[in-house]
Protein chains: 2
Amino acid sequence: MDKVYEAALLLDFYGQLLTKRQFEILDLYLNNDYSLGEIAEHLNISRQGVYDNIKRGRAMLDRMEEKLGLVHKFLQQKNRALEILKDIKSIDISSMSVEDAKILKRVEERIEEIVES
Amino acid sequence: MDKVYEAALLLDFYGQLLTKRQFEILDLYLNNDYSLGEIAEHLNISRQGVYDNIKRGRAMLDRMEEKLGLVHKFLQQKNRALEILKDIKSIDISSMSVEDAKILKRVEERIEEIVES
């Protein structure tokens with residue numbers, strides 16, 4: 001998996017356990033693509049301070065995932081939903097009743113919601 | 001939702017953040033249906049000690065869910081899967097090809113996996 005995407009997921013899941021400052025900095029870094037220098041300037045702190053917060057914050061997020069594994073659990077559900085979606089899309093709806101075809105379309109949309117959530 | 005089921009879910013999600021003793025006691029209490037007296041006897045500690053551990057452990061689990069809301073997030077996915085399952089089961093497979101009917105059966109089983117996970 002993409003390293004930044006993975007870290008952003010960890011922040012999304014466990015970010016509320018960080019200090020406000022750590023969260024703020026990691027959010028700028030991971031979700032808004034700020035460089036360390038830009039974050040330092042934006043928050044008016046030293047580059048070293050930014051670096052330390054990222055390092056400690058990341059360590060905390062990794063520790064949480066190591067203990068709880070909830071990002072992994074959630075990604076498993078998503079992967080299951082993706083597999084299901086592929087199956088659903090492979091079904092030929094032309095022989096189904098209009099009503100059943102509608103239901104299957106709705107099922108497809110709902111599974112997409114799980115995949116994208 | 002059933003209070004014991006809810007607490008057992010919280011323990012399943014966040015239990016690794018408790019002390020070993022808290023986890024052990026809550027596991028006996030919630031998942032093995034031991035009474036406080038039985039736990040006290042089983043672990044050779046006072047009833048008050050059991051009570052304190054349950055109280056502190058539960059407070060920690062509730063605090064985690066308040067901060068992270070991951071049990072709620074997970075239950076939302078399950079509810080979505082349940083709704084999808086109902087739709088799938090309502091589809092008339094008699095007019096489908098054998099191949100498509102098989103796929104739909106597999107889809108149903110996989111969604112059941114999500115519901116039961």
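Chain letters run A, B, ... following the sequence lines, proteins first and then strands; every chain starts at 1.
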Under a single-linkage definition using a 4.5 Å side-chain heavy-atom cutoff for Ile, Leu, Val, Met, Phe, Trp and Tyr, are Val4(B) and Leu18(B) assigned to the same hydrophobic cluster? yes
Grouping I, L, V, M, F, W and Y whenever their side-chain heavy atoms are under 4.5 Å apart, do Val50(B) and Met60(B) come out in a common cluster? yes
Pairs of donor and acceptor atoms, chain B with chain A, under 3.5 Å:
{"residue": "Gln77(B)", "atom": "NE2", "partner": "Ser117(A)", "partner atom": "OG", "Å": "3.0"}
{"residue": "Asp87(B)", "atom": "OD1", "partner": "Arg106(A)", "partner atom": "NH2", "Å": "2.6"}
{"residue": "Asp87(B)", "atom": "OD2", "partner": "Arg106(A)", "partner atom": "NE", "Å": "3.0"}
{"residue": "Asp87(B)", "atom": "OD2", "partner": "Arg106(A)", "partner atom": "NH2", "Å": "3.1"}
{"residue": "Asp87(B)", "atom": "OD2", "partner": "Arg110(A)", "partner atom": "NH1", "Å": "3.3"}
{"residue": "Asp92(B)", "atom": "N", "partner": "Asp100(A)", "partner atom": "OD2", "Å": "2.9"}
{"residue": "Asp100(B)", "atom": "OD2", "partner": "Asp92(A)", "partner atom": "N", "Å": "2.9"}
{"residue": "Arg106(B)", "atom": "NE", "partner": "Asp87(A)", "partner atom": "OD2", "Å": "3.0"}
{"residue": "Arg106(B)", "atom": "NH2", "partner": "Asp87(A)", "partner atom": "OD1", "Å": "2.6"}
{"residue": "Arg106(B)", "atom": "NH2", "partner": "Asp87(A)", "partner atom": "OD2", "Å": "3.2"}
{"residue": "Arg110(B)", "atom": "NH1", "partner": "Asp87(A)", "partner atom": "OD2", "Å": "3.3"}
{"residue": "Ser117(B)", "atom": "OG", "partner": "Gln77(A)", "partner atom": "NE2", "Å": "3.0"}

When you group the ILVMFWY residues by side-chain heavy-atom contacts below 4.5 Å and let the links chain together, are Val115(B) and Leu75(B) in the same group? no
Scan residues 89-113 of chain B for pairs that pass ring pair (Phe, Tyr, Trp, His ring centres under 6.0 Å), counting only residues two or more places apart or in two chains. none
Apply side chain to side chain contact (heavy atoms under 4.5 Å, CB included) to residues Phe13(B) and Leu70(A) and explain how you reach the verdict. CA-CA 7 Å; Phe13(B) 270 65; Leu70(A) 297 174; 3.4 Å; yes
Ile114(A) reachable from Val71(B) in the ILVMFWY side-chain graph, under 4.5 Å edges: no
All ring-ring contact (aromatic ring centres under 6.0 Å, His included) counterparts of Phe23(B), not counting sequence neighbours: none
Apply the test side chain to side chain contact (heavy atoms under 4.5 Å, CB included) to residues Ile84(A) and Ile84(B): give CA-CA distance (whole Å), side-chain angles for both, the deciding distance (0.1 Å), then the verdict. CA-CA 11 Å; Ile84(A) 292 167; Ile84(B) 292 167; over 6 Å; no
Can you sort out the partners of Leu104(A) under side chain to side chain contact (heavy atoms under 4.5 Å, CB included), two or more places apart, ordered by chain and number? Ile88(A), Ile91(A), Ile93(A), Met96(A), Ile91(B), Leu104(B)
